[in-house]
There are 4 protein chains.
Amino acid sequence: MITHIEKRGTKTKQRLVEAALVLFVEKGIAATTTRDIAQAAEVAEGTIYRHFESKEALATEIFIEAFSPYSKFLARVEKGEGTLIEKIEASASQFYRLFDENPLLWIYVMTYQTGEASKAPAGTATPYSVLLSLLKKAAKTGEIKNFDPVLGVHILLGMIEQPAVGVVYRELKAPLSPRLPDIMLAIRRVLSL
Amino acid sequence: MITHIEKRGTKTKQRLVEAALVLFVEKGIAATTTRDIAQAAEVAEGTIYRHFESKEALATEIFIEAFSPYSKFLARVEKGEGTLIEKIEASASQFYRLFDENPLLWIYVMTYQTGEASKAPAGTATPYSVLLSLLKKAAKTGEIKNFDPVLGVHILLGMIEQPAVGVVYRELKAPLSPRLPDIMLAIRRVLSL
Amino acid sequence: MITHIEKRGTKTKQRLVEAALVLFVEKGIAATTTRDIAQAAEVAEGTIYRHFESKEALATEIFIEAFSPYSKFLARVEKGEGTLIEKIEASASQFYRLFDENPLLWIYVMTYQTGEASKAPAGTATPYSVLLSLLKKAAKTGEIKNFDPVLGVHILLGMIEQPAVGVVYRELKAPLSPRLPDIMLAIRRVLSL
Amino acid sequence: MITHIEKRGTKTKQRLVEAALVLFVEKGIAATTTRDIAQAAEVAEGTIYRHFESKEALATEIFIEAFSPYSKFLARVEKGEGTLIEKIEASASQFYRLFDENPLLWIYVMTYQTGEASKAPAGTATPYSVLLSLLKKAAKTGEIKNFDPVLGVHILLGMIEQPAVGVVYRELKAPLSPRLPDIMLAIRRVLSL
DNA sequence: GATGAATGAGTATTCATTCAT
DNA sequence: AATGAATGAATACTCATTCAT
């Protein structure tokens, strides 16, 4: 059957991505071999190269595939209507929603981003870039005061992202979304809003 | 001449550690080759093995050497006198002091710790373990209220550690210690203290 | 063409075994490098590891492959019908037959056996174990007299195996099988049979 | 004290030889590292090179030191007075005497001799060369009959040397010298003398 | 004589990638 | 699309040997 063959192909790629993701998070990209990936996905090693140009390309594709929709979401939030705190909440809420759907993927995204620095094309909206622009604007309008925006961004980023690390290391129970109100409360206090 | 007296052996080991540290942070342990290290330290590859049992042992030694004194410091803080906020400030202050002395080393310690999970012997005091015990005690005495201590720990950890990441990626200017008052203010607000 | 059909994989493994055998006998296992083997077999060094887990595994497989059928043969002789001298003759005759087919292989087996002691699983029939059991039984039935069986076994083993060494060092002309009658005559004299 | 220093040197060389001998027999020359030897002899690795030009030279010296007096003994026996059987007995007797003094050394000599072929200078009297010349002469004088001398030599060599192997593998109890009469009886029977 | 740090060539083994089937 | 044998460059690590002290 034709559809069977079609699906086989699609499925194979999906299996490769899923297998690779687990391994990349577990042992890091460099320490994961193509053999590991092929075995976990139950395909031949050569098959990886039917779907991806290289191991690196596979790693990058997983990152981009996840990050780029979120980046677009962040760009929309930045340009949209709303107060500072509403925009921060929208960003964090979406991050936790995505994280809860696939925690492994987002831990991968978080470490990939810092580990390999900015493999994301320059100009892409990142949590850092968007938060920074929001805080700077709010400082200008007097919405917040007495704060170095760059320091503020890092404090906020830490508050939002570190709980995700907690979930992966089983210190915090999934899902993360229900924690949003508590975290937002803390953020509001920090910003005195 | 004074410099003439320095032992060759000690110097070589020190050069290896310094070269490895830079490379480990830059590209990760797995992606750093013994050849890289030897070239950077300007010694023969074989020389690495006169001072360390393996590349892994070198990586572990760098971590332990840095982390274990800080861990002992944390343990002393935990058992010592003082309010919650004083203890948090003491821990963070010491961390920033050490970080400012050698930012690379402490970025390495932070990533090594999470990357390879708990290569630190079980029972060792970590920022997470100490903060958790402090918050739990404070919750019991009513010093703080309405907070899941585990979530609280991750929020605080994020607030303290993320600025260090900012320094390494050149978003925040070193040194970090002068930022302590601002960060402690934010923490006090979060804890409503 | 018929030769076209031969599987590449099988051939490669066979070429590796043959190349390794020559080198192992010539210079010993330890002194033979994987590079030597690969060059002699005209394959890449990495190819060795597609067929064998390690150099040691290759060495062991060659030994087992040759020795284990002979060991089974010895076990059958031991349990079968016949006089002492008939059984000794059967064992020696089979050894010489195999030796004449591939002298190198059997020199390898002889040295491997003693060199690495008993890599052969315990309980395997060896020339020593079988001859010893035969001599002990014959001593009990009175078939032979006045002899320490253990000393006797070593004398007989030396008589049977040392001529094979002579062939390899070109002191005796191959094949060895035609020498069997003379050697058996000597053995009969020693045993006074 | 002067003599103390002198003896220290001599002792060091002796300790090196003894340590190396054990290791060479245990694991083979190639598989024995200079580090192994230095550790076993409790000296620094560099010290080996005060006493020997190379690891190979050390291995060769051990062999020559043991073998060459025996070789001279064999040459004297060959040229001396006596019947065939007396000369064989003298050779074997001396071999067993030396073997009993230091079994390890003589196992080493036996394997070194065959392993590295003829590192002994050409023209040196070896058990093989002497036995061959004796048997050939005896065949000419009619002392023995109906025998290919080369085959005969290998049979006799096997009968004499294999028991030594038995001792090393703990199948036969040391010392070997008391076995000489039984072995000579067997040899006499083989030669019909 | 003795040391032990240092070397550099070499070792077994791994691995991302290719390619004929 | 998929396979898996083959590759060759690279890897962590070893080792006999040297040499300043």
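Per chain, numbering begins at 1; letters A, B, ... match sequence-line order.
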- Message: Does F/dA6 have OP1 or OP2 under 4.0 Å away from a side-chain N or O of C/T12?
- Response: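 Result: yes.
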
- N or O in side chain of D/T34 less than 4.0 angstrom from F/dC15 OP1/OP2: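 Checking F/dC15 against D/T34, no side-chain N or O comes under 4.0 Å of OP1 or OP2.
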
So which nucleotide from [options] ends up closest to the side chain of [X]?
X: A/H51; options: E/dA16, F/dA16, F/dA2; value: F/dA2
X: D/S54; options: F/dA6, F/dT17, E/dA12; value: F/dT17
X: A/Y49; options: E/dA16, F/dA12, E/dA2; value: E/dA16
X: A/T47; options: E/dG1, E/dA16, F/dA2; value: F/dA2

Nearest-Å distance for atom pair [atom1]/[atom2], residues [X] and [N]:
X: B/R15; N: E/dT7; atom1: CZ; atom2: C1'; result: 14 Å
X: D/L16; N: F/dA16; atom1: CG; atom2: P; result: 14 Å
X: C/E53; N: E/dT13; atom1: CD; atom2: C1'; result: 12 Å
X: A/E56; N: E/dA16; atom1: CD; atom2: C1'; result: 11 Å
X: C/F52; N: E/dA12; atom1: CZ; atom2: P; result: 15 Å
X: D/R35; N: E/dA6; atom1: CZ; atom2: P; result: 15 Å
X: A/D36; N: E/dC15; atom1: CG; atom2: P; result: 7 Å
X: D/Q14; N: E/dA2; atom1: CD; atom2: P; result: 13 Å

- Query: Any salt bridge between C/E61 and C/K13, counting N to O under 4.0 Å?
  - Reply: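 C/K13 and C/E61: salt-bridged.
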
- Query: Pick the nucleotide of DNA chain E nearest each of D/E45 and C/A30; which residue has the one closer to the 5' end?
  - Reply: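 Nearest-nucleotide comparison on DNA chain E picks D/E45.
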
- Let me know, please, whether D/R50 or B/T32 comes out on the 5' side of the other along DNA chain F by nearest nucleotide.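 Looking at the nearest nucleotide for each, B/T32 comes out on the 5' side.
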
- If you pin C/A44 and B/K55 to their nearest nucleotides in DNA chain F, which one's is more 5'?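 Taking each residue's closest nucleotide, the earlier one in sequence belongs to C/A44.
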
- Considering every strand shown, what is the Watson-Crick or G-U wobble mate of E/dG4 when both distances are under 3.5 Å?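 Result: F/dC19.
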
- Item | Counter-base of E/dT11, judged by Watson-Crick or G-U geometry with both distances under 3.5 Å |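 Per the H-bond distance test, F/dA12.
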
- Message: Once you measure the plane-to-plane angle for B/F67 and B/Y70, does it fall in the parallel (<30°), tilted (30-60°) or perpendicular (>60°) bin?
- Response: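 Because their plane-to-plane angle is over 60°, the rings of B/F67 and B/Y70 count as perpendicular.
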
- Query: Would you call C/F52 and C/V17 a side-chain contact if the rule is heavy atoms closer than 4.5 Å?
  - Reply: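 In short, these two side chains touch, coming nearer than 4.5 Å.
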
- Within a reach of under 6.0 Å around CD of A/Q39, are more than 12 heavy atoms found that belong to other residues, nucleotides or ligands?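 For A/Q39, atom CD is crowded (more than 12 foreign heavy atoms under 6.0 Å).
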
- Message: Under 6.0 Å from the ring centre and within 45 degrees of the ring axis: does the NZ or CZ of B/K55 meet both conditions for the six-membered ring of B/Y49?
- Response: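 Negative - B/K55 is either too far from the ring of B/Y49 or too far off its axis.
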
